[in-house]
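Input: a single structure, listed below in structure tokens.
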Number of protein chains: 2
Amino acid sequence: MKTYSITEVAEYFNMTPHTLRYYDKEGLMPSIERSSGGKRVFKESDIEALKVIECLKSSGMPIKEIKHFIEWCSEGDSTLQQRYDMFLERKASVEAQMEELKRTMEVIEYKCLYYQTALDSGTEAVHKNTKIKIHPLTNLYK
Amino acid sequence: MKTYSITEVAEYFNMTPHTLRYYDKEGLMPSIERSSGGKRVFKESDIEALKVIECLKSSGMPIKEIKHFIEWCSEGDSTLQQRYDMFLERKASVEAQMEELKRTMEVIEYKCLYYQTALDSGTEAVHKNTKIKIHPLTNLYK
DNA sequence: TTATTACTTAAAGTTAACTCTAAGTCAAGC
DNA sequence: GCTTGACTTAGAGTTAACTTTAAGTAATAA
């Protein structure tokens, strides 16, 4: 079976070998074997596990929680429900993040127009009259 | 003109007075005035500024860079172009974040199906045969 | 054979964004 | 007049996720 060095894997995932050792130290990679000289030897299954770790990370999951998932994986079929529930939670979390980014984008797009208009007329004062005057604590566009 | 105490503003933005003082200390709120007793007095314009700060923060902008924007605002019309460019950059950044979240979501949805199937048959082994075998370093679904 | 390079470890340092602590001030209610 | 609670400050502490350092080992190239 083909195996990979820490540097090969690091390059592939666009991280440093340091980071991979850090993940290992934090218990994210329990199945990695060592060579006779004590070096880490990455199998295909370790690379697949890293792909899932990357996904969980970019969903905003902290490393300590990812560790729990990795532990569940080692425990086998008895933890299938926990793992399923975890991915459902991740789905909800990513959906919420997408919604927040959408709202943020709306403000940013408004500001782009705002500054375009200001630049056209050479001064921000052009917006002085068009400003909607309502109670500031109800005017939250976020 | 109606003004607000630090606690009122903190409650409105769902943060602590501590955090508002921290923002002030970091130079994010240069226009806040003080009462005779030295307490911060928030005007409507300060609350509007905080809304923009919240937007920039949720777009992923670090506080030190937000400070630059706040400084540009105080400098007047000579910085209109910088501010416009900054919001264009924010727009590109948020678009990239949305793309990344989409890719993450695809993996999560695949995993939800994966665990649903496994739960149905009671074991993860059901996926052993359906696994696509290609070179692991080209099989990156992120 | 020697130099270089990649690897190993444990542990300390970094950065951002708070978050808390300590010590003190001030205004309102009883 | 005194207590209570919200405010003030400077500065130390926290947390996550690295990132760097120091000291040493192992394999490869000239």
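Lettering of chains follows the sequences in order, A, B, ..., and the numbering in each one begins at 1. Values reported hereafter were calculated over all heavy atoms of this structure, with side chains retained and with hydrogens, waters and symmetry mates removed.
- B/Lys67 places none of its side-chain heavy atoms less than 4.5 Å from the side chain of B/Glu26.
- An OP1 or OP2 oxygen of D/dT9 is reached within less than 4.0 angstrom by a side-chain nitrogen or oxygen of B/Arg34.
- Here A/Arg21 does not reach the OP1 or OP2 of C/dA6: none of its side-chain N or O atoms lies under 4.0 Å away.
- Counting only N and O atoms by type, the side chains of B/Thr104 and A/Ser58 include a donor and acceptor under 3.5 Å apart.
- Rounded to an integer number of Å, the gap from B/Met29 CE to C/dC18 P is 13 Å.
- As a whole-Å value, the separation of B/Glu26 CD from D/dG11 P is 14 Å.
- Counting any heavy atom pair closer than 4.0 Å across all strands shown, B/Arg40 reaches sugar-phosphate atoms only and no base atom.
- Between the side chains of A/Gln81 and A/Asp85, at least one donor-acceptor pair of N or O atoms lies under 3.5 Å.
- Spacing between atom CD1 of B/Ile6 and atom P of C/dT19 amounts to 14 Å, rounded to whole angstrom units.
- The closest side-chain heavy-atom distance from A/Ile63 to A/Tyr23 is below 4.5 Å.
- Note: CG (A/Asp24) to P (C/dA10) measures 11 Å, nearest angstrom.
- With rounding to the nearest 0.5 Å, the separation of CD in B/Glu95 from CE in B/Met98 is 8.0 Å.
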Its contact letters, B for base, S for sugar-phosphate only and - for none at protein heavy atoms under 4.0 Å, make nucleotides 14-28 of chain D read --SBBBBB-------
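- The CG-P distance, from A/Leu20 to C/dA6, rounds to 16 Å in whole Å.
- When the C1' atom of C/dA17 is taken as reference, atom CD of B/Glu65 falls 14 Å away, rounded to whole Å.
- Relative to the ring axis of A/Tyr114, A/Lys111 places its NZ or CZ within 45° and under 6.0 Å from the centre.
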